K.L.:
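Below you will find the structure I want to go over with you.
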Amino acid sequence: MADPVLDRLFRHDAWATQRMLEHLLALPEATLALGATAGFGTIAETVHHLVAAHAGYVGRVEGLARESLPWPARTEPVATHAALRDRKS
(Lines give C-alpha, C1' and ligand atoms only; values in the text may rest on other atoms or scores of the structure.)
Protein backbone atom coordinates (compact mmCIF):
# COMPACT_ATOMS: atom_id res chain seq x y z
CA MET A 1 0.00 0.00 0.00
CA ALA A 2 1.45 3.37 -1.00
CA ASP A 3 0.13 5.39 1.95
CA PRO A 4 1.89 4.38 5.19
CA VAL A 5 -0.88 5.84 7.36
CA LEU A 6 -3.59 3.82 5.61
CA ASP A 7 -1.35 0.76 5.69
CA ARG A 8 -0.95 1.11 9.45
CA LEU A 9 -4.69 1.67 9.95
CA PHE A 10 -5.64 -1.38 7.88
CA ARG A 11 -3.06 -3.52 9.66
CA HIS A 12 -4.42 -2.42 13.04
CA ASP A 13 -7.97 -3.16 11.91
CA ALA A 14 -6.89 -6.63 10.76
CA TRP A 15 -5.17 -7.22 14.11
CA ALA A 16 -8.26 -6.11 16.06
CA THR A 17 -10.54 -8.26 13.91
CA GLN A 18 -8.24 -11.25 14.49
CA ARG A 19 -8.49 -10.73 18.28
CA MET A 20 -12.30 -10.51 18.02
CA LEU A 21 -12.47 -13.76 16.02
CA GLU A 22 -10.25 -15.51 18.56
CA HIS A 23 -12.55 -14.34 21.36
CA LEU A 24 -15.66 -15.53 19.52
CA LEU A 25 -14.06 -18.95 18.96
CA ALA A 26 -13.71 -19.29 22.74
CA LEU A 27 -17.46 -18.79 23.27
CA PRO A 28 -20.13 -21.47 22.88
CA GLU A 29 -21.06 -21.80 19.20
CA ALA A 30 -24.71 -20.99 19.95
CA THR A 31 -23.58 -17.50 20.95
CA LEU A 32 -23.00 -16.66 17.28
CA ALA A 33 -26.72 -16.97 16.57
CA LEU A 34 -27.68 -14.43 19.24
CA GLY A 35 -29.00 -11.06 18.18
CA ALA A 36 -26.79 -8.01 18.38
CA THR A 37 -28.51 -4.75 19.27
CA ALA A 38 -26.00 -2.56 17.43
CA GLY A 39 -25.20 -4.66 14.40
CA PHE A 40 -26.52 -6.46 11.38
CA GLY A 41 -28.76 -9.10 12.94
CA THR A 42 -26.95 -11.89 14.72
CA ILE A 43 -23.42 -11.74 16.03
CA ALA A 44 -22.37 -13.97 13.13
CA GLU A 45 -23.99 -11.64 10.58
CA THR A 46 -22.27 -8.64 12.16
CA VAL A 47 -18.90 -10.42 11.98
CA HIS A 48 -19.60 -11.25 8.34
CA HIS A 49 -20.25 -7.56 7.65
CA LEU A 50 -17.06 -6.44 9.40
CA VAL A 51 -14.84 -8.91 7.54
CA ALA A 52 -16.47 -8.18 4.17
CA ALA A 53 -16.28 -4.42 4.71
CA HIS A 54 -12.59 -4.62 5.63
CA ALA A 55 -11.83 -6.58 2.46
CA GLY A 56 -13.83 -4.06 0.45
CA TYR A 57 -12.07 -1.03 1.92
CA VAL A 58 -8.63 -2.47 1.29
CA GLY A 59 -9.60 -3.47 -2.24
CA ARG A 60 -11.00 -0.04 -3.06
CA VAL A 61 -7.90 1.73 -1.72
CA GLU A 62 -5.76 -0.63 -3.80
CA GLY A 63 -7.78 0.42 -6.87
CA LEU A 64 -9.69 -2.79 -7.49
CA ALA A 65 -12.97 -2.51 -9.37
CA ARG A 66 -16.05 -3.15 -7.25
CA GLU A 67 -16.83 -6.29 -9.26
CA SER A 68 -13.45 -7.83 -8.41
CA LEU A 69 -13.58 -7.19 -4.66
CA PRO A 70 -13.42 -10.29 -2.46
CA TRP A 71 -16.94 -9.97 -1.01
CA PRO A 72 -17.97 -13.16 0.78
CA ALA A 73 -21.40 -14.25 -0.41
CA ARG A 74 -24.15 -13.22 2.01
CA THR A 75 -25.46 -16.78 1.90
CA GLU A 76 -22.20 -18.29 3.19
CA PRO A 77 -22.64 -19.89 6.60
CA VAL A 78 -21.12 -17.75 9.33
CA ALA A 79 -22.81 -19.08 12.45
CA THR A 80 -20.31 -21.82 13.22
CA HIS A 81 -16.85 -21.97 14.71
CA ALA A 82 -15.61 -23.64 11.51
CA ALA A 83 -16.79 -20.65 9.45
CA LEU A 84 -15.02 -18.25 11.82
CA ARG A 85 -11.80 -20.27 11.56
CA ASP A 86 -12.05 -19.98 7.77
CA ARG A 87 -12.38 -16.20 8.09
CA LYS A 88 -9.32 -16.05 10.35
CA SER A 89 -7.03 -17.60 7.78
Side-chain angles (χ1 to χ4, degrees):
M1 184 167 294
D3 186 325
V5 173
L6 283 177
D7 183 61
R8 183 177 171 135
L9 288 172
F10 284 135
R11 286 180 187 277
H12 177 76
D13 185 57
W15 171 84
T17 301
Q18 182 77 19
R19 300 295 82 72
M20 178 191 63
L21 292 173
E22 289 169 1
H23 174 75
L24 290 173
L25 285 169
L27 299 175
E29 196 165 288
T31 303
L32 301 175
L34 296 175
T37 56
F40 292 85
T42 66
I43 292 170
E45 290 167 331
T46 301
V47 169
H48 180 275
H49 171 79
L50 290 172
V51 172
H54 179 84
Y57 297 146
V58 172
R60 295 302 277 271
V61 168
E62 291 291 326
L64 297 176
R66 183 170 175 78
E67 305 79 50
S68 65
L69 294 177
W71 298 106
R74 191 71 171 144
T75 57
E76 287 181 18
V78 293
T80 66
H81 284 146
L84 285 178
R85 277 192 217 65
D86 289 345
R87 300 235 187 304
K88 274 182 58 180
S89 48

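Every value quoted in this text rests on a predicted model; they were computed, and no experiment measured them.
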K.L.:
Nearest 0.5 Å, what's the CE-CD distance between Met20 and Gln18?
P.N.:
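Separation between the atoms: 9.5 Å.
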
K.L.:
Run the numbers on Val47 and Leu21 for side-chain contact (heavy atoms from CB on, under 4.5 Å), then give the verdict.
P.N.:
CA-CA 8 Å; Val47 169; Leu21 292 173; 3.6 Å; yes

K.L.:
Is there side-chain contact between Leu32 and Leu24, with at least one heavy-atom pair below 4.5 Å?
P.N.:
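SC-SC contact between Leu32 and Leu24 confirmed.
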
K.L.:
Can you name the residues that form a ring pair (Phe, Tyr, Trp, His ring centres under 6.0 Å) with His23, not counting sequence neighbours?
P.N.:
none

K.L.:
Let me confirm one number: the CG-OG1 distance from Leu34 to Thr46, rounded to the nearest 0.5 Å.
P.N.:
11.0 Å

K.L.:
If you measure from CD on Glu45 to CD1 on Ile43, what distance do you get to the nearest 0.5 Å?
P.N.:
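Separation between the atoms: 10.5 Å.
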
K.L.:
How close do Thr31 and Leu27 get, heavy atom to heavy atom, and via which atoms?
P.N.:
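For Thr31 and Leu27, the tightest heavy-atom pair comes out as CG2-CD1, 3.9 Å.
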
K.L.:
Could you measure the distance from the CG atom of Leu6 to the OH atom of Tyr57? Nearest 0.5 Å is fine.
P.N.:
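Going from CG on Leu6 over to OH on Tyr57, the span is 13.0 Å.
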
K.L.:
To the nearest 0.5 Å, what is the distance between OG1 (Thr17) and NE2 (His12)?
P.N.:
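Rounded to the nearest 0.5 Å, the OG1-NE2 separation comes to 9.0 Å.
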
